[in-house]
Amino acid sequence: MATVNIHALNKRYSNGNHALRDINLSINAGELIVIVGPSGCGKSTLLRTVAGLESISDGELYIDEQRVNDKEPAARDIAMVFQNYALYPHMSVFDNMAYALKNRGVDKATRTQRVTDTARLLGLESLLERRPRQLSGGQRQRVAMGRAIVRDPKIFLFDEPLSNLDAALRVQMRLEIRRLLRQLNTTAIYVTHDQVEAMTLADRLVVMRDGRIEQVGTPLELYQRPATPFVAQFMGSPAMNVVALPDTLAEHWRELLAPHASAVTQLGIRPEHLTECSANDALLSLKVSMVESLGAETLVYGDSEHFDQPWVVRLGAHRPISEGELLHVNTTAQQLHLFDASGARIARSGQ
């Protein structure tokens, strides 16, 4: 396992696209870092610069304190797992997993031992003679992981490896990946657009937006203390309610926001932190526009006459409610997330 240190890294393309902007990130040995963000935010480009598949326009990239900006991918001791598996269709599972070792000149006995041990780790022992076309999507992804594991690299890189799998298999495979990486005790960088996947896998999360890092922290830190409205809405499903404050703010809202009311331009409340109450105790009354009954919970969408944006509330599993009804909800000051005019989080005591 290895450390990775990225200093003021930029990536510009000849067409003028500035894909990465002043990226600074330090990754500890043995840490699983998950990079998350919407399509086009630069997360895969950042992964590819670490791998050496994209050149660096300026800035520094160090692996184990050695500058690797100009090193070829093969010289960085990195193994990458792609979303499309990238298996050789004419080769058996065994040969796919052994291919990189053979190219490195590793002797046949050692190759066989490494592939056999890795196949046992991944539950692939009975599939070693099959071709990729004879495998399911989950099995192909295990082979792609096995091909990386047999190399015993310093760093594993994962580029949305589960995006081609169905929902149930994605859950199974992300648990498998976490178990394997802990067992291998290795450094890994994992890219995904799926925030649930990100939160369940990561030691630390890197949230990216428009080529920049928006926030770095543990999944719980980003969920509980998002630095910006973008992070607040990206982390969590359904997304946090983030609303612009009206010019005329009702007195009961001012009391809840005190002493920061004059500085706040946006506030956020997670759907699960809005609790149903009587009309007399309501901070907010919503006219229900849509209801989603999900079995374990009920999501209620509604509009308030005091705010331009719609709201979503997470209620219990068996709360019957219909479109057109009024839903009265309340919250506490500690459940509010406040942001100033620049989009920065306003720190509050106890948060």
Side-chain angles (χ1 to χ4, degrees), residues 32-39 43-44 47-48 51 53 73 78-104 106 108 110-153 155-202 237 294-296:
L32 171 52
I33 288 286
V34 177
I35 304 173
V36 68
S39 297
K43 56 187 183 294
S44 288
L47 193 75
R48 290 171 67 83
L53 302 176
I78 283 172
M80 193 161 181
V81 179
F82 300 92
Q83 70 180 82
N84 63 354
Y85 319 130
L87 301 177
Y88 296 108
H90 62 288
M91 291 185 181
S92 67
V93 168
F94 181 96
D95 289 338
N96 264 284
M97 291 173 64
Y99 184 75
L101 298 178
K102 186 175 182 180
N103 277 356
R104 288 182 174 186
V106 176
K108 185 175 181 180
T110 303
R111 294 199 309 266
T112 300
Q113 188 62 53
R114 283 202 200 173
V115 171
T116 302
D117 291 345
T118 302
R120 187 178 303 112
L121 183 69
L122 293 166
L124 295 172
E125 308 102 302
S126 63
L127 306 177
L128 288 175
E129 299 307 314
R130 293 190 186 182
R131 300 289 189 269
R133 67 177 179 275
Q134 299 172 297
L135 306 177
S136 67
Q139 290 168 337
R140 291 180 193 178
Q141 193 54 269
R142 281 190 171 88
V143 176
M145 289 170 57
R147 185 177 52 190
I149 291 169
V150 295
R151 293 175 53 190
D152 192 24
I155 303 169
F156 286 95
L157 305 180
F158 295 87
D159 190 7
E160 305 213 33
L162 307 184
S163 59
N164 289 336
L165 304 180
D166 62 50
L169 195 51
R170 287 183 72 150
V171 173
Q172 178 187 336
M173 285 301 297
R174 74 172 180 245
L175 294 174
E176 189 72 11
I177 287 173
R178 184 66 182 174
R179 180 189 67 79
L180 282 168
L181 291 176
R182 281 182 173 171
Q183 191 169 342
L184 295 168
N185 193 29
T186 191
T187 307
I189 306 174
Y190 188 108
V191 160
T192 181
H193 66 276
D194 185 327
Q195 52 91 15
V196 174
E197 197 171 296
M199 291 191 72
T200 53
L201 282 173
S237 181
L294 304 178

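Between K102 and R111, the closest heavy-atom pair is N-CD, 3.5 Å. Nearest heavy-atom pair, L169 versus D166, reported as atom, atom and distance to 0.1 Å: N-OD1, 2.9 Å. Between Q141 and F82, the shortest heavy-atom distance links the atoms NE2-O, 3.8 Å. Contact between N96 and P132 at its shortest, heavy atoms only, is ND2-CG, 3.9 Å. The two residues M97 and V115 make their nearest non-hydrogen contact at CE-O, 4.0 Å.
Contact check for L47 versus L53: no side-chain heavy atoms found under the 4.5 Å cut-off. In this structure, the side chains of V143 and L135 come closer than 4.5 Å at one or more pairs of heavy atoms. The side-chain heavy atoms of I177 and Y190, taken from C-beta on, include a pair separated by under 4.5 Å. Two residues are said to be in side-chain contact when any heavy atoms from C-beta on lie closer than 4.5 Å; F156 and L32 fail this criterion. Residues R170 and D194 form a side-chain contact, since some pair of their non-hydrogen atoms from C-beta on lies under 4.5 Å apart. Contact check for Q183 versus R178: no side-chain heavy atoms found under the 4.5 Å cut-off.
Enclosure of atom CZ in R182 is not indicated, since only 12 or fewer non-hydrogen atoms of other residues, nucleotides or ligands lie within 6.0 angstrom.
Proximity of a side-chain donor or acceptor of K43 to a complementary backbone N or O of D159 within less than 3.5 Å is not detected. Side-chain atoms of Q134 come within 3.5 Å of backbone atoms of R131 as a donor-acceptor pair (strictly under, hydrogens ignored). The main-chain N or O of T192 is never found under 3.5 Å from a side-chain atom of E197 such that the two would form a donor-acceptor pair.
Classification of D152 and R114 as a salt-bridged pair fails, no side-chain N sitting under 4.0 Å from a carboxylate O.
Between atom CG of residue L157 and atom CD1 of residue I78 there is a gap of 5.0 Å, rounded to the nearest 0.5 Å.
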>> Apply side chain to side chain contact (heavy atoms under 4.5 Å, CB included) to residues R174 and V196 and explain how you reach the verdict.
In response: CA-CA 10 Å; R174 74 172 180 245; V196 174; 3.8 Å; yes
